[in-house]
Amino acid sequence: MESNEKIKTNFIHQEIDKDLSENKNGGAVLTRFPPEPNGYLHIGHAKSICLNFGLGKYYKGGTNLRFDDTNPVKEETEYVESIKEDVNWLGFQWNDEPKFSSDYFEQLYDWAVLLIKDGKAYVDDQSAEEIAEQKGTPTIPGLESPNRNRSVEENLDLFERMRKGEFKNGERVLRAKIDMASPNMHMRDPLMYRIIHANHHRTGDKWCIYPMYDYAHGQGDFIEGISHSICTLEFEVHRPLYEWFLNSILEALPEKPATIPRQIEFARLNLNYTVMSKRKLLQLVNEKYVAGWDDPRMPTISGLRRRGYTPESIRRFADEIGVAKRENVIDVALLEHCVREDLNIRAPRVYAVLDPVKVVITNYPEGEVEWMEAINNPEDESMGSRKLPFSREIYIERDDFMENAPKKFFRMDVGREVRLKNAYIVMCEGITKDADGNITEIQCTYDPDTKSGMEGSKRKVKGTLHWVSIEHAKTVKVKQYDRLFMDEAPDGHKDKDFLDFLNPDSLSVVNECYIEPNYMDAGSNFADGIARYQFQRLGYFCIDKDSTESNVIFNRTVTLKDSWSKAKK
RNA sequence: UGUCCCAUGGUGUAAUGGUAACACACCUGGUUUUGGUCCAGGCAUUUAAGGUUCGAGUCCUUAUGGGACAACCA
């Protein structure tokens, strides 16, 4: 496995190589994955995780997991736990213990004091509205705050009182004193601290002032000795500020640290036929369009996991899409390709009929049962074989029969021969219909000389069908998933809400699906403990975590590629 | 009428001044006891115009198109 995960290089590798050749940071490379614990991770995060951990591994410095928890009103321990689980499941281990921005609050505070003393930060009494008004626009310079030139002593006093809780939310902020006329909006005296009287999931009530992202992030990188701080494109305009804070603190520090982090931006992942914004995903969950964050239709890591995706397939996907700076929309077909490719090699094949129609082999002795040998995976001999019961009455897929079928149809019709995979070649002799014209039973005769493995079975027959013995089949429940949205870019329409494009058929449940009795003997053995199978000719399915022994539920991960359904059109 | 970023096939990514590669998707054909897999083949002269150069997808200029930035979010 390890060996075919070849390293694909990208511009970030090149940047790091360049830094290394200049002997920056003493040759150390340390990356970090820094989610805010305010939601579940999705496939876009997976790209970032694979990038950061991949780089950490490649350059042998490893990767930190850091929770960017600077906004107590949005963050919860539940999310911290799910994020750890998802990163691990994807197959990555972070260095040491997970880190938290909140671990650095005290240090951040001390540095803020340093900046105040250097005349680089000040306390502003104005309201959010006033500050916003003075900010100007990208083309119009901003105005300086009336509090901008407060004395250091006054700023120090006010900042300390902010920390002590003497002010209500919004009454004071600490701002960096940079340039209200800067063409870069982020340099117009950005906020460093705001007052939030709220319980923080880790620090509780210890703090009532919280650092803003821009002030916390780079410093967190610095504290941890991160060499390359990789983030998405929208932070590009924040980079001058990232560097301003770092340089300002560095100037005030007595000795120069070994590692000075550098921010590099790449384009985030967009996938067609889905949405990726946390806000919209949260809305899907809250308004019950899906069953939860791990609904198999969600693009979340937990959703993909429940859907049956393997960590390997997601890593492969991340590798395949590459890393660059240009906006991109990846075809979800590539994701599906990656999971098929993985499961084709690893998932055992079993027989299951989802939409059954009864077939009676009229010349097969009643009560007789033959146990047929079935290969578990033709791609991997080491997976062995199992026994499969055949009898006089079987189910086949309703789709596999067509009356007066066209020549291109290779399946069952009256007067045609087909092969029952791993059993016999049968000839269809007739059908029985109910009053409404629905087929209730198909009659066939079998050719006893064509049992699989026999000389007679070598005969060429156009179609090969899967089947299950009615008497022996187990009944399971199957959930078939289709894409959640019918539009390629559900959130790409100005005049329409993304919910307008929800696919009403994204979930269809088959309560009674028939599966061969000993499917578990086929030996599904995946490291994450999820049992995954290929239902012969149908697709890949996995056992849902809500299954019980008496109520087995399968989720369809993805169908097999199907050139027949294309040809039909 | 700002600053910054980006521009290679239907979709992504590569080509690091030397004649467009790989993957997905799509289309042919072959093999096949899964209409799966596998195999073989097809599918772009790189947004435009100018310049530098023996030579430009790559460097320069301009244009055009797309994106980011004005949260006490990250």
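Source: prediction; values computed, not measured.
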**Asked** Stepwise, does the salt bridge (charged side-chain N to carboxylate O under 4.0 Å, His left out) test hold for A/Arg66 with A/Glu224?
**Response** CA-CA 10 Å; A/Arg66 175 160 87 239; A/Glu224 292 177 14; 3.0 Å; yes

**Message:** Using the rule given for side chain to side chain contact (heavy atoms under 4.5 Å, CB included), can you reason through A/Trp467 versus A/Val426, listing the C-alpha separation, both sets of side-chain angles and the distance that settles it, and then say yes or no?
**Reply:** CA-CA 12 Å; A/Trp467 50 273; A/Val426 296; over 6 Å; no

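Of the candidates A/Tyr533, A/Phe535, A/Tyr351, A/Tyr519 forms a ring-ring contact (aromatic ring centres under 6.0 Å, His included) with just one, namely A/Tyr533. In summary, of the residues considered (A/Gln263, A/Glu265, A/His186), a side-chain hydrogen bond (donor to acceptor under 3.5 Å, both in side chains) with A/Arg239 occurs for A/Glu265 alone.
Rounded to whole Å, atom P of B/C5 lies 15 Å from atom CD1 of A/Ile264. Look at CZ on A/Phe11: it is 11 Å from C1' on B/C6, rounded to the nearest Å. If you measure from atom CD1 of A/Ile321 to atom C1' of B/U13, you get 10 Å, rounded to the nearest angstrom. The CZ-C1' distance, from A/Arg316 to B/C22, rounds to 11 Å in whole Å. Atom-to-atom, CG of A/Asp179 to P of B/A70 comes out at 17 Å; the value is rounded to the nearest Å. Rounding to whole angstrom units, NE2 of residue A/His186 and P of B/C73 are separated by 14 Å. Summarising the geometry, the separation between CG on A/Asn71 and P on B/C72 is reported as 12 Å, rounded to the nearest angstrom. Protein atom NZ of A/Lys566 is 14 Å distant from nucleotide atom C1' of B/U28, rounded to whole Å.
Using a 4.0 Å cut-off between charged nitrogen and carboxylate oxygen, A/Arg316 and A/Asp342 do not count as a salt-bridge pair. With salt bridges taken as basic N to acidic carboxylate O contacts below 4.0 Å, one links A/Glu234 and A/Arg268. Salt bridge absent: A/Glu36 and A/Lys278 never bring a charged side-chain N and a carboxylate O closer than 4.0 Å.
B/A74 and B/U13 have their C1' atoms separated by 28 Å, with the value rounded to a whole Å. Using atom P as the reference point in both B/G51 and B/A56, the two lie 12 Å apart (nearest Å). With both ends at atom P, the span from B/G9 to B/U52 equals 28 Å, rounded to whole Å. When the C1' atom is compared between B/G65 and B/C39, the two are found 42 Å apart, to the nearest whole Å. For the C1' atom pair drawn from B/G35 and B/G29, the interatomic distance equals 15 Å after rounding to whole Å. One P atom belongs to B/A48, the other to B/G36, and the distance between them is 39 Å to the nearest Å. Between B/U37 and B/A25, the two P atoms lie 9 Å apart (nearest whole Å). Nucleotides B/A15 and B/A71, compared at atom P, are 38 Å apart to the nearest Å.
Within 4.0 Å (heavy atoms only), A/Tyr193 reaches no atom of the nucleic acid at all. At the heavy-atom level, A/Val73 lies nowhere under 4.0 Å from the strands shown. Counting non-hydrogen atoms under 4.0 angstrom, A/His238 reaches a base of the nucleic acid. Across all strands shown, A/Ala128 has heavy atoms under 4.0 Å from base atoms, whether or not it also approaches the sugar-phosphate. At the heavy-atom level, A/Glu341 lies nowhere under 4.0 Å from the strands shown.
Within residues 329-337 of chain A, the residues having any heavy atom closer than 4.0 Å to RNA chain B are, in order of number, A/Val329, A/Ile330, A/Asp331, A/Ala333, A/Leu334, A/His337.
The neighbour count for A/Glu22 CD, taken as heavy atoms of other residues, nucleotides or ligands under 6.0 Å away, is above 12.
Mapping A/Thr9 and A/Met185 onto RNA chain B by nearest heavy atom places A/Thr9 at the nucleotide closer to the 5' end. Mapping A/Lys325 and A/Asp125 onto RNA chain B by nearest heavy atom places A/Lys325 closer to the 5' end of the strand.
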**Letter per nucleotide, 5' to 3', of nucleotides 29-37 of chain B [B base touched, S only sugar-phosphate touched, - untouched; heavy atoms, 4.0 Å]** = ---SBBBBS

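Of the N and O atoms on the side chains of A/Arg483 and A/Thr274, not one donor lies less than 3.5 Å from an acceptor on the other residue. Side-chain N/O atoms of A/Tyr40 and A/Glu78 include a donor and acceptor closer than 3.5 Å. If you check the side chains of A/Ser101 and A/Asp68, you find a donor sitting under 3.5 Å from an acceptor.
The CG atom of A/Leu304 lies 5.5 Å from the CD1 atom of A/Ile43; values are rounded to the nearest 0.5 Å. For the atom pair CD1 (A/Ile16) and CG (A/Leu55), the distance works out to 4.0 Å, reported to the nearest 0.5 Å.
Of the side-chain N and O atoms in A/Thr70, none sit less than 4.0 angstrom from OP1 or OP2 of B/C73.
Pairing analysis of RNA chain B (Watson-Crick: purine N1 to pyrimidine N3 plus N6-O4 or O6-N4; G-U wobble: N1-O2 and O6-N3; both under 3.5 Å) yields stems of 3 or more pairs at B:2-7 with B:64-69, B:10-13 with B:21-24, B:26-30 with B:38-42, B:47-51 with B:59-63.
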